[in-house]
Amino acid sequence: MEPTQLLFFVNGRKVIEKHADPEMMLLPYLRKTLRLPGTKYGCGGGGCGACTVMVSRYNPGTKTIRHHPVNACLTPICSLHGAAVTTVEGIGSTKTRLHPIQERIAKCHGTQCGFCTPGMVMSMYALLRNHPEPTLDQLTDALGGNLCRCTGYRPIIDACKTFCKASGCCQSKENGVCCNGDLGVNGLAEVQEADETSPELFSEEEFLPLDPTQELIFPPELMTMAEKQPPKTRMFSGERMTWISPVTLKELVEVKSKYPQAPIVMGNTSVGPEVKFKGVFHPVVISPDRIEEMCVVSQAGDGLTLGAGLSLEQVKDILADVVRKLPEEKTQTYRALLKHLRTLAGSQIRNMASLGGHIVSRHLDSDLNPLLAVGNCTLNLRSKDGDRQIPVSEQFLRKSPDADLRPQEVLVSVSIPCSRKWEFVSAFRQAQRQQNALAIVNSGMRVLFREGGDNIKELSIVYGGVGPTTVSAKNSCQKLIGRPWDEEMFHTACRLVLNEVTLPGSAPGGKVEFKRTLIISFLFKFYLEVCRSLKRTDPAHYPSLEVRHESALEDLHSTPHWRTLTHQSVDPKQIPQDPIGRPIMHLSGIKHATGEAIFCDDMPAVDRELFLTFVTSSRAHAKIVSMDLSEALSLPGVVDIITADHLQDANTFDTVTFLATDEVHCVGHLVCAVIAESETQARRAAKRVKVVYQDLEPPILTIEEAIRHKSFFGPERKLECGDVDEAFKMADQILEGEIHIGGQEHFYMETQSMLVVPKGEDGEIDVYVSTQFPKYIQDVVASTLKLSVNKVMCHVRRVGGAFGGKVDKTSVLAAVTAFAASKHGRAVRCILERGEDMLITGGRHPYLGKYKVGFMKDGQIVALDMEHYCNGGSSLDESLWVIEMGLLKTENAYKFPNLRCRGRVCKTNLPSNTAFRGFGFPQAGLVTEVCITEVAIKCGLSPEQVRTRNMYKPIDCTHYKQEINAKPLLECWRECMVKSSFAMRKTAVEKFNAENSWKKRGLAMIPLKFPVGLFTVAMGQAAALVHVYLDGSVLVTHGGIEMGQGVHTKMIQVVSRELRMPMSSVHLRGTSTETVPNTNASGGSVVADLNGLAVKDACQTLLKRLEPIISKNPQGTWKDWAQTAFDQSISLSAIGYFRGYEAEMNWETGEGHIFEYFVFGAACSEVEIDCLTGNHKAIRTDIVMDIGHSINPALDIGQVEGAFVQGMGLYTIEELSYSPQGVLYSRGPNQYKIPAICDIPTEMHVSFLPPSEHSNTLYSSKGLGESGVFLGCSVFFAIHDAVRAARQERGISAPLRFKSPLTPEKIRMACEDTFTKMIPRDEPGSFVPWSIPV
């Protein structure tokens, strides 16, 4: 067979690849070969959507074109023959014209860092190509496979909603009532104060209309090719792999018999991740292309036959159509499959993955296989020996040889029988997140009754996720045949199934008791569903479902998203040209949406550029016995391997060591760095480095172990005010408790990225890097290369999200990369893969808070003694500052007259944890709020009453003796109570809980006092440089880093106001140590504050200089004034400087004035939980913030919402899993779940208080980057409230000991009931758990 040339189109242009490499994926091909960097790398596994593009294919049989979104990171280029690919660059650009979706996502403020934006745009674009006026359900479904870490999704939904049929309305007119009408969440009228003074953040009237006739046409050449060319098998051969694409079933069968071990690949969503993440290699891959028999859809009286080559999205559409047409009793299995297909993966994966691939892969958590097994489906196979049928049985799912496909057989189609009268089928699943998440447990269940429905004739129950393969409870089912469908049968069934479907305590995946509980919780739901169906089938014969059980079958509350925003309006006296206070779009918003915004890895390759990748330790605490580099060095393309021996004394900076010398202290410790001609070669060689370890004493991983072994960094920190011991004697009651708060991964969408370019003379070197702290990178690199700092220049255009995670570890990676570049005199690029990034870089500190509290009967707290411990990891990093900030901010919004708090940083064998948005406060504040909640329960009061009682007085003093004006805090609290209709909704929640046994709602309100400031004056200094050119244009540069928060946009607003010129005349290129030296790190919510004051200072210096010229020619333009100044030899360049806010703290006396101001706020959240599964849904959140005078309300609201959703993730679903040996399991979006569109509150109302007092900050504004994270705990406490209601109803009086995050597992196990009591429990110590809480 001759190798074929590959032909496909990208953005309307023909691409011919004569030597297509079967291992090449579309993403690197687009980015590196075609130089289209708009499509981003986010995770490499199809889990984040950053690489979404649209693929269009023409079907000559039906004469139709199918457009669908795909993940470019999983799409082999060889699968694209005859297809047309559209990327973000192909739909519009600033050079040609914008596509309406690009314009709207930018103008609706739907971009912050902008890294995820091209993927969002392309998911939406693919939807609009198929549905120009989508419904809201279609919209949220289309974006379900895309993650965003910055925005909180609200503005993205707003932008996309403008395309919906009636964009202002939810289109969900249940009972004829629109959700935007008078009825709120609980069927109560909402208090909706229309704030006349709050203009919209964007104007829909100005948007370009969507005109489907203007889209790129499908290339006629591809149509002709599909229709005229005789189809023949294609073959592509690479260095290591051969790709064969048969186009007829006969050829496919022949190829499969020739290569029986070769996998058949359709969408590459199963084989692709195995190759990438598990190192599986296939020398031959077979990929059938448009084989008619594999795309068949045939419906007969007894069922449906679906081609194995149909995508899951096509299967979903076909089933939806069949369910609409056939009577309900025939479609039981189809409905169950449809239910799972709606939540399975994201839209991109569903459009790529094939039905056959899903079945044959037999993943233990497959959602469809349990249903196909219970539904008596058959697989239609073909081989050279003829046709054969096998059932989808437990033996098949276990891969038993006698029930499996033979190596040379091909799965052609799947037959799914119709259900019969008296037959009922149900589907169940529970995952960490409701959509786009692998199931923890799933199940398919079917029962058939004898005619008349009295006794069980057939019963089939199959589970996924509870064993190494899909498991059937066939023995239990056998024993129940002939029994009537009643409670006695159900209790017997529970007992039998628990005995048959067993899980050892150390089972992979952990969550063992939760899984056991889900096994019978699902069974209970099935029992009730069938009872309800029997009643419907024969109302006279069957009793109604007990009212208290009805809620077990209802879905969690869900209505389409809507939000209201109340921000500050501009002073009517302000001149129209002054942009301060106006909702200006993010400076790079349009470029984010077109893919033209350049991130570090988008920079074109430099001549003779090398790639560097790291080898990391696989042990948590071990001695390096030997390192064998010979095999790795012998591989093609490998240039060098750098170890600690090469760096010698340059291997450390300050207290940080870059590469391991003789010991490793955590899994993920950097051992050496491989440098090669290409990324593929470097990664291949890194796997061949052989390191021999000798384990040292058992690693210390958890906070508890560190306390036991007294393994700490530095001394204890302590703050005390009042006389705590004496106050305890006066208290009515004393309570002790503790809470463990899990860590959090930054999950910035752009992984750690850098490109180091040696300049070739004087040792000069340029470092292009994604960092928050260019000066520190500059210092570390200069030290490593033994250069003076003025030879090293660090440049940052923009950062694709950081949240505190791009400071310390980034400098280590940059130092080694720079050493490699300097050593070889060639540019070196280093881009971490998502899994490496998560393993190496650490995140938010896991935290243990212990408290002893003394209080009066009325809830007044008189004494509080607290101990805080954070898990610092293996090196100090910024952990001491984190614990200090935790202690300084621990009291949140409350005045505790007698308070003692102590803090320690635990030294453990984990990767070092580091700065993260909120910097200690999200953990420390939660400890205090848990304490307050416990006090309220003890006093028989609501937590809100206890919060109000202990809140700061209007003028008060903190525990470190700093004065505070808390009037805005009390105002936020009152306003939030009113805006959220708290009292009315509290009553409604209680009513709901009284009427529903298995669903519960909770409501909670949390105040916020977030102090803003840095440790020293020096840490707050900032500088800026402003140039006026002779055409009247201005270039501004400053020390702040743009990482999504819009600081560059605000700086241009400042220049525009100060120099009284339009924003369009001002330009900002990026941040560089070449223009502004000695900058501080960007973080701590003060980037715009500090740099804005420096920019303002520079502008005022210029104005002062030019004042005589301007006063002589007041009607002149900036061009006139600049020319005159030049003619008079007056400098048109000015440096601005701000020395920093006053800050001092004396830890000896425990007193100081460390914060410049306080951000105040309050949030009220309502949730609904499913007590049987642990699922929760945030129904509504109201946030009120005091933000001073907003510089840009659009950016500020984005910061509040984005931080809130990130906080919600921290406290509810984001869970890091470590093995008992210290290995991080959760290394990507498949295992680590950040909030997706399905998680955000259905209703969200954000309002800013009117401008408060004037202060000496930038235009009296306040920094909002971090404060909103803590407000996410309002969801945590609302869940707590709902769980408490469930426990009270079940008569459980034992105190509820919660840990954060409140995952489905913790919620379900806290809602104790007959099922949690029924499951077997393992004795602690009798097994080694799969994972441990650190």
Side-chain angles (χ1 to χ4, degrees), residues 49 52-54 56 65-69 86-88 90-93 96-111 114 116-146 148 151-173 178-180 200-217 313 317 346-348 351 435 559-565 585-586 589-590 592-595 1194 1198 1236-1238 1240 1242 1244:
T52 305
V53 297
M54 186 179 83
S56 309
I65 296 162
R66 177 171 171 247
H67 306 291
H68 61 275
T86 308
T87 74
V88 70
I91 69 168
S93 76
T96 52
R97 63 175 191 103
L98 294 181
H99 189 276
I101 180 62
Q102 294 172 320
E103 178 201 37
R104 294 184 199 189
I105 206 164
K107 288 186 177 170
C108 295
H109 315 288
T111 84
C116 73
T117 310
M120 292 282 179
V121 165
M122 291 313 297
S123 286
M124 196 59 204
Y125 177 75
L127 174 68
L128 293 174
R129 285 302 295 265
N130 294 315
H131 305 280
E133 283 194 325
T135 65
L136 263 168
D137 281 346
Q138 287 172 324
L139 185 156
T140 47
D141 187 54
L143 296 176
N146 292 72
C148 170
T151 63
Y153 302 101
R154 284 271 152 208
I156 296 169
I157 295 173
D158 280 357
C160 298
K161 263 165 87 169
T162 61
F163 293 100
C164 292
K165 290 190 181 77
S167 95
C169 164
C170 67
Q171 305 152 32
S172 168
K173 295 186 172 63
C178 163
C179 77
N180 284 359
E200 284 298 311
L201 292 184
F202 56 88
S203 166
E204 249 182 81
E205 293 71 50
E206 295 170 13
F207 292 153
L208 295 167
L210 178 69
D211 182 356
T213 64
Q214 296 301 301
E215 305 296 4
L216 277 174
I217 61 163
E313 190 67 32
D317 294 343
S347 172
Q348 300 91 324
N351 273 290
Q435 285 176 334
T559 58
H561 300 286
W562 63 295
R563 71 167 176 174
T564 60
L565 304 168
M585 179 182 73
H586 193 293
I590 297 285
H592 290 156
T594 59
I1237 273 192
C1238 60
I1240 61 174
T1242 309
M1244 195 152 177

Exercise. Could you point out which residue of Asn130, Asn351, Leu127 forms a side chain to side chain contact (heavy atoms under 4.5 Å, CB included) with His68?
Key: Asn351
Quiz prompt | Check: Phe207 and Cys108 side chains under 4.5 Å, non-hydrogen atoms | solution = yes
Self-check item: Any donor-acceptor pair under 3.5 Å from Arg104 side chain to Leu208 backbone
Solution: yes
Exercise. Flag the pair Leu143 / Leu139 as yes when at least one side-chain heavy-atom distance between them is below 4.5 Å, and no otherwise.
Key: yes
Quiz item: Any side-chain heavy atom of Ile91 within less than 4.5 Å of one from Thr594?
Solution: no
Quiz item: Side chains of Glu215 and His99: donor-acceptor distance under 3.5 Å anywhere?
Solution: yes
Self-check item: Trace of the side-chain hydrogen bond (donor to acceptor under 3.5 Å, both in side chains) decision for Thr111 with His592
Solution: CA-CA 7 Å; Thr111 84; His592 290 156; 2.9 Å; yes
Quiz prompt | Residue list, salt bridge (Lys or Arg N to Asp or Glu O under 4.0 Å) with Arg563, at least two apart or on another chain | solution = Asp158, Glu1201
Practice problem: Applying side-chain hydrogen bond (donor to acceptor under 3.5 Å, both in side chains), name anything that partners Thr1242, two or more places apart in sequence or on another chain. | Solution: none
Self-check item: Side chains of Ile1240 and Ile157 in contact at under 4.5 Å (non-hydrogen atoms)
Solution: yes
Quiz prompt | pair Pro134-Phe163: side-chain heavy atoms closer than 4.5 Å | solution = yes
Self-check item: Residues Asp137, Thr135; criterion side-chain hydrogen bond (donor to acceptor under 3.5 Å, both in side chains); working and verdict
Solution: CA-CA 5 Å; Asp137 281 346; Thr135 65; 5.4 Å; no
Quiz item: Less than 4.5 Å apart, any side-chain heavy atom of Val53 and any of Thr86?
Solution: no
Exercise. Measure the shortest side-chain to side-chain distance between Ser56 and Arg66 over non-hydrogen atoms and say whether it is less than 4.5 angstrom.
Key: no
